[in-house]
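We're numbering straight along the sequence, starting at 1. Note that the structure is a prediction, hence the values are computed from the model and not measured. Counting starts at 1 for both ligands and their atoms, in listed order.
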Amino acid sequence: MEHTKLAIIGSGPAGYTAALYAARADLAPTLFAGQKSGGQLMWTTDIENFPGFPEGITGPDLMINMRKQAERFGTKILDKDVTAIDFSVRPFKLQTADTEMTADAVILSLGAQSIPVGVPGEQEFIGRGVSTCAVCDAAFYRGKRTYVIGGGDSAMEDTLALTKFADSVTVVHRRDQFKASKIMQERVLSNAKVKVIWNSSLKEIRGDEVVTEIVIEHDGTSETLPTDGVFIAIGHKPTSELVAQAVALDDHGYIVTRQSATKNGVTAANAALSEVGLVAFPSMTSVEGIFAAGDCVDIRYKQAITAAGQGCSAALDAERWLESQE
Ligand code: NDP
């Protein structure tokens, strides 16, 4: 069976950055990129908030560059999905449809996905008037009419981000009250640019080259509303199924690291971690030797640059931990 010192699962900014650092530390990592490599940024168009690209860069170009940079220093990249893992034995075991590999350490950079509403036009217009990240895309909507779908903190945050640029921001929520924290609700409801349409569901997103209108339903009646942009903010789902039985997850399914356990006060998981004993590796999960980085850990920021930073931290932690095992 093939063996690697360090396996990295996932090929978003966290995975590639971890691979770059690990490769430059001479760990010759193996990165499982998955059949669809590149993560969420492969679905975006322009990225203007990743430092180092003053004119912006497209999501796919950024990911291709990250991949090349990781490869240049000796990362072995396999475009395969890891289908099963066994972290109860050392070295750890990873399995794909046609290979098995063992690894001394593993970095999980499995990513997350925004939850879609599942209406016609939603996927078709991603990057052309449909967005899942207002922090990333609000600035493209200066002077425009926009809608936000959802009623949680993400929807409130997206709404507030949009009010800085858009002419109007209308929140469409399926119930008659928000789920978001009171303070976020108050900020949204007291903003003169914001309107709320309660008890209404998004039914369709329409357009030609770009989005031009949405259809919502209220009490069985459909209404068509002209718009330039629709922000879907009904939640994110971390991609943690593969490791759900192997490492501690929080209540939302995010992988708990020593650092996130302290920050978010996830007490049960914290207890599990302190039983393991070590404190020097903030990105280590509840299993010694297994690290995690990026959106599969991060319920809060969900940015390419924060994921990349966490990938760097995980690689440095893994390197030091491997040294401590020698
Ligand atoms: P949440 O699960 O908290 O909220 C999702 C919202 O979307 C709810 O209002 C829900 O409606 C609505 N919704 C869910 N499914 C659908 C659907 N199919 N159609 C229409 N509406 C739907 O997710 P968030 O991403 O907002 O937040 C996740 C976690 O992250 C929370 O713990 C939150 O506090 C945290 N967070 C914190 C932030 C901060 O502190 N700055 C920023 C962003 C998130 P309903 O109300 O009916 O359930």
Side-chain angles (χ1 to χ4, degrees), residues 40 49 111-123 125-126 130-138 146-164 169-191 194-205 214-223 225 227 229-240 249-257 259-269 292 294-307 310:
Q40 291 182 83
N49 57 5
Q113 287 174 332
S114 65
I115 300 171
V117 180
V119 295
E122 188 178 17
Q123 294 304 319
F125 288 107
I126 281 275
V130 173
S131 170
T132 56
C133 178
V135 173
C136 322
D137 296 337
T146 58
Y147 284 82
V148 173
I149 313 299
D153 279 329
S154 295
M156 302 300 108
E157 208 167 59
D158 281 10
T159 302
L160 293 170
L162 278 163
T163 56
K164 298 195 181 103
V169 191
T170 306
V171 184
V172 176
H173 184 42
R174 64 183 179 182
R175 288 192 296 133
D176 62 356
Q177 57 183 24
F178 288 139
K179 179 180 178 185
S181 55
K182 283 280 173 291
I183 186 161
M184 296 290 274
Q185 292 194 33
E186 277 160 20
R187 279 185 204 154
V188 162
L189 294 170
S190 63
N191 191 305
V194 178
K195 276 191 263 167
V196 182
I197 303 180
W198 303 103
N199 299 310
S200 299
S201 317
L202 179 69
K203 288 291 159 195
E204 190 176 349
I205 299 171
I214 58 170
V215 181
I216 63 167
E217 194 177 276
H218 176 90
D219 280 344
T221 312
S222 291
E223 192 180 352
L225 303 164
T227 186
V230 191
F231 287 75
I232 308 293
I234 65 168
H236 278 76
K237 196 174 165 321
T239 317
S240 54
L249 306 182
D250 72 10
D251 293 345
H252 299 279
Y254 288 83
I255 298 171
V256 175
T257 60
Q259 188 168 40
S260 66
T262 334
K263 265 203 269 178
N264 299 339
V266 184
T267 44
D295 283 8
C296 62
V297 174
D298 173 19
I299 196 168
R300 183 168 287 254
Y301 301 109
K302 307 177 186 111
Q303 300 300 301
I305 188 67
T306 49
Q310 289 174 16

J.: Counting non-hydrogen protein atoms only, what is the nearest one to atom 4 (O) of ligand 1? Give residue, atom name and distance.
T.: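 Heavy-atom neighbour on the protein nearest atom 4 (O) of ligand 1: G152 CA, 3.7 Å.
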J.: Does an N or O anywhere in G151 fall below 3.5 Å from an N or O of ligand 1?
T.: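 In this structure, G151 places an N or O atom under 3.5 Å from an N or O of ligand 1.
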J.: Looking only at distances, can you tell me whether any N or O atom of I299, backbone or side chain, sits closer than 3.5 Å to an N or O atom of ligand 1?
T.: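 No; every N/O pair is 3.5 Å or more apart.
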J.: Please confirm whether M156 approaches ligand 1 to less than 4.0 Å, judged on its heavy atoms.
T.: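 Distance cut 4.0 Å: M156 fails for ligand 1.
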J.: Are the side chains of V172 and V148 in touch, meaning some heavy atoms are under 4.5 Å apart?
T.: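 No. Closest side-chain heavy atoms not under 4.5 Å.
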J.: Which is closest to atom 20 (C) of ligand 1 in terms of heavy atoms, K179, H236, R174?
T.: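 Residue with the shortest heavy-atom distance to the ligand atom: R174.
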J.: Can you tell me the protein heavy atom closest to atom 36 (N) of ligand 1 and the distance?
T.: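 The closest heavy atom on the protein side is D153 CB, 3.7 Å.
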J.: Please confirm whether E157 comes within less than 3.5 Å of ligand 1 when only nitrogen or oxygen atoms on both sides are compared.
T.: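 Indeed, backbone or side chain, E157 has an N or O that close.
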J.: Are S181 and D153 packed together at the side-chain level, in the sense that at least one heavy-atom pair is separated by less than 4.5 angstrom?
T.: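 Heavy-atom side-chain distance check passes, below 4.5 Å.
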J.: Within the 3.5 Å criterion, strictly below it, is a donor on D295 or Q303 matched to an acceptor on the partner's side chain?
T.: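 The answer is no; no qualifying pair exists.
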J.: Looking only at protein heavy atoms, which one is nearest to atom 25 (O) of ligand 1, and what is the separation?
T.: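 Looking only at protein heavy atoms, the one closest to atom 25 (O) of ligand 1 is S154 OG, 2.5 Å.
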J.: Can you list the residues that meet the side chain to side chain contact (heavy atoms under 4.5 Å, CB included) rule with E157, with sequence neighbours excluded?
T.: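 Only M184 meet the side chain to side chain contact (heavy atoms under 4.5 Å, CB included) criterion with E157.
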J.: At what distance is the nearest protein heavy atom to atom 23 (O) of ligand 1, and which residue and atom is it?
T.: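 For atom 23 (O) of ligand 1, the nearest protein heavy atom is G235 CA, 3.8 Å.
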J.: Return the closest protein heavy atom for atom 45 (P) of ligand 1 as residue, atom name and distance.
T.: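 Ranking protein heavy atoms by distance from atom 45 (P) of ligand 1, first comes R175 NE, 3.5 Å.
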J.: Is there a polar contact, in the sense of an N or O pair closer than 3.5 Å, between K302 and ligand 1?
T.: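 Among all N and O atoms of K302, none is under 3.5 Å from an N or O of ligand 1.
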J.: Which option, L202, D251, I234, owns the non-hydrogen atom nearest atom 21 (N) of ligand 1?
T.: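 Heavy atom nearest to atom 21 (N) of ligand 1 belongs to I234.
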